[in-house]
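Below you'll find the structure, written out as structure tokens, and then a few comments.
First the proteins, then the strands, lettered A, B, ... as listed; each starts at 1.
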Amino acid sequence: MKIATWNINSIRARIDRVISWLDRHEPDVLALQETKCRPDQFPFEQLHERGYHVEALGLNQWNGVALISRSPLEHIQAHFADVPLFGDGSEAEPRALAATVEGIRVYSLYVPHGRSLDDPHYRYKLSWLEALAIEAGSIADQPVALTGDFNIAPTDADVWDVAVFEGATHVSEPERAAFQRFLDLGYSDVVRTFVPEGYTYWDYQRLRFPRNEGMRIDFILTSPPLTARVSGAMIDRDERKGKGASDHVPVMITID
DNA sequence: ATGGTTGCATCGCAA
């Protein structure tokens with residue numbers, strides 16, 4: 001069984017790339033982030049034609065997450081317990097969607113960016129991660145995959161030049177502590193075991209991809225019962241190439 | 001050129 005995650009940066013702009021990637025890599029589950037549309041705008045048809053089950057969560061042109069699966073998606077959950085609201089919003093942003101597939105609880109997660117260390121969005125990011133960790137901890141004895149764009153580079157090796165990020169988000173101590181919390185709960189950054197080097201995101205600006213100036217910020221964190229079953233992983237760097245690429249690439253694990 | 005892309009509710013914002 002294969003579980004993948006991909007920040008697609010607009011599903012409508014890139015549905016052809018998604019279909020092509022599904023055809024070539026045949027994941028059993030693909031979690032998407034930044035779908036950037038409401039469910040009524042989501043291109044379900046082409047996915048249903050290929051036999052996939054699809055659940056999508058979206059409010060407007062921002063954020064948005066989805067789960068695409070060969071097997072039925074069961075016990076679907078939007079958001080998670082005590083998810084914080086941002087600003088004066090009355091409704092949770094569409095950043096988390098979970099479902100059970102063949103006994104594995106899969107989360108598609110789009111962690112808030114944070115914007116800057118003095119921005120309310122940064123405090124929102126930390127409280128969002130704290131609430132997620134509480135839920136993740138409560139189910140860590142079951143097979144769980146926390147997948148998605150964490151918007152955190154956990155180590156200095158996860159950015160091309162840490163000096164560039166001095167005083168910026170993604171590398172701050174509180175963000176890294178929030179990431180470490182999942183590891184302390186028993187979750188494993190299992191892709192790192194199989195793919196010790198490599199980025200998952202390169203900014204569109206400043207020739208970041210040709211220069212390989214990227215960041216490793218997309219993860220699949222597996223609970224102990226699932227970690228024991230992981231037999232391989234890949235980061236599909238090639239998907240960043242060519243016209244019309246997302247700024248993130250797919251990350252995938254293989255489970256026995 | 002010391003640098004500047006992408007997607008969208010498109011001329012402003014978020015990433």
Side-chain angles (χ1 to χ4, degrees), chain A residues 5-21 31-44 46 56-66 84-96 108-129 147-154 158-172 175 178-179 199-219 237-251:
Chain A
T5 187
W6 191 5
N7 179 320
I8 196 62
N9 185 21
S10 172
I11 183 67
R12 288 177 289 173
R14 260 174 278 288
I15 182 60
D16 291 348
R17 275 210 181 232
V18 170
I19 294 291
S20 170
W21 197 84
L32 295 175
Q33 301 86 38
E34 280 210 89
T35 48
K36 290 187 168 178
C37 69
R38 302 183 305 267
D40 64 279
Q41 300 171 304
F42 195 98
F44 290 104
Q46 291 176 73
L57 189 65
L59 265 185
N60 51 32
Q61 78 275 38
W62 305 121
N63 314 308
V65 286
L85 304 178
F86 178 60
D88 54 9
S90 58
E91 196 170 351
E93 293 183 324
R95 293 178 176 275
S108 181
L109 302 165
Y110 180 46
V111 177
H113 179 281
R115 297 179 187 167
S116 65
L117 301 188
D118 58 358
D119 195 294
H121 207 258
Y122 178 75
R123 293 191 293 279
Y124 168 55
K125 179 179 194 174
L126 295 178
S127 58
W128 195 94
L129 285 162
T147 88
D149 178 0
F150 281 70
N151 270 316
I152 299 170
D158 298 321
V159 297
W160 82 94
D161 182 358
V162 74
V164 171
F165 290 85
E166 179 69 33
T169 62
H170 293 55
V171 302
S172 73
E175 289 166 283
F179 187 89
Y199 304 130
T200 65
Y201 160 85
W202 298 259
D203 198 298
Y204 286 122
Q205 302 185 57
R206 308 182 190 198
L207 298 173
R208 291 299 191 214
F209 183 61
R211 294 176 177 177
N212 197 30
E213 295 175 344
M215 309 176 79
R216 184 179 181 117
I217 56 176
D218 300 270
F219 297 95
R237 187 180 191 281
D238 287 347
E239 192 55 44
R240 185 62 178 80
K241 297 175 180 173
K243 194 171 169 60
S246 170
D247 42 0
H248 297 249
V249 295
V251 177

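- Straight-line distance from the CG atom of A:D149 to the C1' atom of B:dA15: 10 Å, rounded to whole Å.
- Between B:dC11 and B:dG7, the two C1' atoms lie 14 Å apart (nearest whole Å).
- Per the geometry, CD belonging to A:E93 stands 11 Å off P belonging to B:dA14, to the nearest Å.
- Note: CG (A:L59) to P (B:dC8) measures 17 Å, nearest angstrom.
- Taking atom CG on A:D247 and atom P on B:dA15, their separation rounds to 12 Å, with Å as the unit.
- Between the side chain of A:N63 and the main chain of A:V65, no donor-acceptor pair closer than 3.5 Å is present.
- Candidate nucleotides B:dA15, B:dG7, B:dT5 were compared by shortest atom distance to the side chain of A:Y204, and B:dT5 ranks first.
- Without hydrogens or angle criteria, A:R240 side chain to A:A245 main chain gives no donor-acceptor distance under 3.5 Å.
- Nucleic acid contact for A:Y201: none, since no nucleic acid atom lies under 4.0 Å from a heavy atom of the residue.
- Note on A:Q41: only backbone sugar-phosphate atoms sit closer than 4.0 angstrom, heavy atoms only; bases stay farther off.
- One interatomic measurement links the two molecules: CG of A:D119 to C1' of B:dA14, which rounds to 11 Å at whole-angstrom precision.
- Between A:K36 atom NZ and B:dT10 atom C1' there is a gap of 12 Å when expressed in whole angstrom units.
- Atoms CD and CD1, on A:Q46 and A:I15 in that order, are 5.0 Å from each other to the nearest 0.5 Å.
- Whole-Å rounding puts the A:N7 CG to B:dG7 P distance at 13 Å.
- At a threshold of 4.5 Å between non-hydrogen side-chain atoms, the residues A:K36 and A:I8 do not count as touching.
- Across all non-hydrogen atoms, the minimal contact from A:G114 to A:D119 is O-CB, 3.7 Å.
- Contacts of A:R14 with the nucleic acid, taken as non-hydrogen atoms under 4.0 Å apart, involve only primed sugar atoms and P, OP1 or OP2.
- One C1' atom belongs to B:dA15, the other to B:dT10, and the distance between them is 16 Å to the nearest Å.
- Taking the nucleotide of DNA chain B with the nearest heavy atom to each of A:R38 and A:H248, the more 5' of the two is matched to A:R38.
- Taking side-chain N and O atoms only, A:S10 has no distance below 4.0 Å to OP1 or OP2 of B:dT6.
- Nearest nucleotide to the side chain of A:N9, out of B:dT5, B:dG7, B:dA15: B:dG7.
- Following rounding to the nearest Å, A:Q33 (CD) and B:dG7 (C1') show an atom-to-atom distance of 17 Å.
- The nearest heavy atom of DNA chain B to A:A13 and to A:D203 marks one nucleotide each, and the one closer to the 5' end goes with A:D203.
- Contacts of A:R115 with the nucleic acid, taken as non-hydrogen atoms under 4.0 Å apart, involve only primed sugar atoms and P, OP1 or OP2.
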